[in-house]
Participant: 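Take this structure, written in structure tokens, and hold onto it; I'll ask about it next.
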Amino acid sequence: MNSTLSDVFRSHPIHIPLSTLPDFTSLRHLPDSYTWTPKDDLLFSAASASDQSLPSIDLADPQVATRVGHACATWGAFQITNHGVPSRLLDDIEFLTGSLFRLPVHQKLKVARSENGVSGYGVARIASFFNKQMWSEGFTVIGSPFDDFRKLWPNHHLKYCEIIKEYEEHMQKLAAKLMWLALGSLGVEEKHNKWAGPSSDFQGAQAAIQLNHYPICPEPDRAMGLAAHTDSTLLTILYQNNTAGLQVFRDDLGWVTVPPVPGSLVVNVGDLLHILTNGIFPSVLHRARVNHVRSRLSMAYLWGPPSDLMISPLPKLVDPLQSPLYPSLTWKQYLATKATHFNQSLSFIRNYDLSSDQLS
Ligand SMILES: C=C1C[C@]23C[C@@]1(O)CC[C@H]2[C@@]12CCC[C@@](C)(C(=O)O1)[C@H]2[C@@H]3C(=O)O
Ligand SMILES: O=C(O)CCC(=O)C(=O)O
Ligand SMILES: [Fe+2]
């Protein structure tokens with residue numbers, strides 16, 4: 001039987017006690033366990049020396065594929081407008097996210113993510129790779145949120161389930177469209193990508209929704225909302241509320257803040273698209289900072305292939321005189337690798353000897 005994303009982490013539990021979640025609202029000073037220095041993250045204070053900003057692309061632009069391709073190759077990320085997701089739906093998902101995190105802690109803990117689970121309330125999975133704690137809380141949706149939502153909102157869960165369903169439908173279509181624009185810019189056609197399906201709709205694609213809340217922070221310069229990471233996806237589509245915090249990293253520029261533009265969405269190239277394009281598109285290193293004036297919400301749609309499907313560099317994008325940069329592997333195997341090797345996962349699989357045992 002095909003596995004789902006929820007199965008992936010059963011063999012990779014994380015041990016982060018939820019009792020470490022502070023009551024963010026009552027703190028006047030940053031506790032030591034939340035105070036980051038460059039020792040805790042080498043890139044912590046890599047300042048941006050540039051006024052360059054992330055490309056913004058109008059999806060109705062006749063040159064859209066070229067622009068998407070260029071943004072993917074240079075930044076591994078871009079913002080989009082005219083994406084077709086109704087602004088009413090963006091308001092709804094933001095409202096849902098705000099309502100969820102405003103619930104009292106004891107209520108949120110009713111749906112706490114289990115150690116070997118992936119859905120539910122808790123700190124980001126990547127927390128286990130850092131000595132310091134992040135100034136955020138999250139909620140992950142994979143599959144139906146019905147059971148969790150009924151515990152959170154006994155009287156309103158159906159309304160909230162409906163919003164998630166509608167959001168997923170729109171995001172799935174948008175992700176497939178963006179994927180074709182990105183691949184199309186490299187001359188990849190449907191015949192080069194067997195997984196595309198007869199109507200190019202990427203049948204069986206799997207996805208997670210990650211809702212993030214970054215509370216107001218008493219000492220934001222010393223805190224970290226969500227530490228630097230790449231997403232393990234093909235693409236991630238992120239909606240941020242009206243508060244800045246997202247930053248993307250470029251080796252030549254340092255950290256670049258992505259200011260929220262009302263109604264626009266941010267698209268990140270994930271590790272699997274980097275592998276599929278044989279390294280042509282970098283997966284973008286990104287993080288979220290916090291501030292002392294306004295709390296921030298972000299809603300990420302993390303999109304990938306069926307979790308058992310073999311992903312490998314597309315032959316069309318591999319120089320016939322060279323070997324592909326990466327071996328074939330499934331999303332499930334990649335997530336297992338990520339659970340062990342985190343930000344070193346791409347270099348780990350690049351040097352991995354396929355003739356030896358199981359990847360992990
Ligand atoms: C599909 C997934 C990607 C993700 C792990 C997950 O199974 C569900 C949560 C996702 C998320 C969201 C926040 C950042 C991230 C690195 C994390 O810790 O959980 C990503 C994971 C990922 O992209 O590897
Ligand atoms: O909050 C943000 O802007 C980033 C969130 C993110 O990177 C994620 O959920 O994977
Ligand atoms: Fe991310």
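Just so you know, ligand 1 is whichever comes first in the structure, and atom 1 is the first atom listed for that ligand.
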Participant: Using a heavy-atom cut-off of under 4.0 Å, does the side chain or the backbone of W331 touch ligand 1, or both, or neither?
Facilitator: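 Just the side chain.
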Participant: Atom 5 (C) of ligand 1: which protein heavy atom is closest, and how many Å away?
Facilitator: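 Checked against all protein heavy atoms, atom 5 (C) of ligand 1 sits closest to F9 CZ, 4.0 Å.
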Participant: Should you measure from each heavy atom of D231, which atoms of ligand 1 turn up under 4.0 Å away?
Facilitator: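 Ligand 1 atoms under the 4.0 Å threshold to D231: 23 (O).
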Participant: Give a yes or no on whether K159 atom NZ has more than 12 heavy-atom contacts from other residues, nucleotides or ligands under 6.0 Å away.
Facilitator: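 It does: K159 NZ has more than 12 such atoms within range.
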Participant: If you compare all heavy atoms of L302 against all heavy atoms of W331, which two are closest, and at what distance to 0.1 Å?
Facilitator: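 What the structure gives for the nearest pair is O-CH2, 4.3 Å.
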Participant: Scan side-chain atoms only and decide if T330 and D308 contain a donor-acceptor pair under the 3.5 Å cut-off.
Facilitator: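 There is no such pair (donor and acceptor under 3.5 Å, judged by atom type) between the side chains of T330 and D308.
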Participant: Answer with yes or no whether L302 contacts ligand 1, where contact means a heavy atom under 4.0 Å from a ligand atom.
Facilitator: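 Checking ligand 1 against L302, which is what was asked, there is a heavy-atom contact under 4.0 Å.
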Participant: Which residue holds the protein heavy atom closest to atom 22 (C) of ligand 1, what is that atom called, and what is the gap in Å?
Facilitator: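 I find the closest protein heavy atom is S232 OG, 3.3 Å.
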Participant: Minimum heavy-atom separation for L234 and L273, please, with both atom names.
Facilitator: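 Answer, listing the atom of L234 first, then L273: O-CB, 3.2 Å.
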Participant: Write 'none' if nothing qualifies; otherwise put on separate lines each N/O atom of ligand 2 with a protein N/O atom under 3.5 Å away and their distance to 0.1 Å.
Facilitator:
from, atom 1, to, atom 2, distance (Å)
ligand 2, 1 (O), Y214, OH, 2.6
ligand 2, 1 (O), R296, NH1, 3.0
ligand 2, 1 (O), S298, OG, 2.6
ligand 2, 3 (O), R296, NH1, 3.3
ligand 2, 3 (O), R296, NH2, 2.8
ligand 2, 7 (O), H229, NE2, 3.2
ligand 2, 7 (O), H286, NE2, 3.0
ligand 2, 9 (O), N212, ND2, 3.0
ligand 2, 10 (O), H229, NE2, 3.4
ligand 2, 10 (O), D231, OD1, 3.4

Participant: Should the heavy atoms of other residues, nucleotides or ligands under 6.0 Å from NE2 of H70 be counted, would the total exceed 12?
Facilitator: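 No.
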Participant: Checking contacts now, so for atom 12 (C) of ligand 1, which I'm interested in, is there any protein heavy atom under 4.0 Å?
Facilitator: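 Under the 4.0 Å cut-off, atom 12 (C) of ligand 1 does have protein heavy-atom neighbours.
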Participant: Among protein heavy atoms, which lies nearest atom 14 (C) of ligand 1, and at what distance?
Facilitator: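 For atom 14 (C) of ligand 1, the nearest protein heavy atom comes out as H229 NE2, 3.7 Å.
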Participant: Given that the side chain starts at C-beta and the backbone is N, CA, C, O, which of these parts of R125 lies under 4.0 Å from ligand 1, counting heavy atoms, or is it both or neither?
Facilitator: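 Both backbone and side chain of R125 come within 4.0 Å of ligand 1.
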Participant: What distance separates Q107 CD from R102 CZ, expressed to the nearest 0.5 Å?
Facilitator: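 Rounded to the nearest 0.5 Å, the CD-CZ separation comes to 14.0 Å.
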Participant: Give the atoms of ligand 1, by number and element, whose distance to some non-hydrogen atom of V118 is under 4.0 Å.
Facilitator: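 That gives atoms 7 (O), 8 (C) of ligand 1.
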Participant: Just let me know how I126 lines up against ligand 1, side chain, backbone, both or neither, with a heavy-atom cut-off below 4.0 Å.
Facilitator: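 For I126, the contact with ligand 1 is made by both the backbone and the side chain.
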Participant: Between D92 and R88, does any NZ, NE, NH1 or NH2 come within less than 4.0 Å of an OD or OE carboxylate oxygen?
Facilitator: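 So R88 pairs with D92 through a salt bridge.
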Participant: Report yes if the distance between the aromatic ring centroids of W135 and Y214 is under 6.0 Å, otherwise no.
Facilitator: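 So the answer is no for these two rings.
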Participant: Centroid separation under 6.0 Å, is that true for the rings of H229 and F342?
Facilitator: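 No, the ring centres sit 6.0 Å or more apart.
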Participant: For N131, look at atom CG and say whether over 12 heavy atoms of other residues, nucleotides or ligands are found less than 6.0 Å away.
Facilitator: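 No, the 6.0 Å shell around CG holds no more than 12 heavy atoms from other groups.
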Participant: Could you tell me if R296 and Q240 have a donor-acceptor pair between their side chains, going purely by distance under 3.5 Å?
Facilitator: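 There is such a pair between these side chains.
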Participant: Spell out, yes or no, whether F146 and L103 are grouped together once hydrophobic residues are joined by side-chain heavy atoms under 4.5 Å, including indirect joins.
Facilitator: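 No, separate clusters.
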Participant: Tell me, which N, O or S atom in D231 is closest to the Fe ion (ligand 3)?
Facilitator: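 D231's closest N, O or S atom to the Fe ion (ligand 3) is named OD1.
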Participant: Is there a protein heavy atom less than 4.0 Å away from atom 1 (C) of ligand 1?
Facilitator: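 At least one protein heavy atom is under 4.0 Å away.
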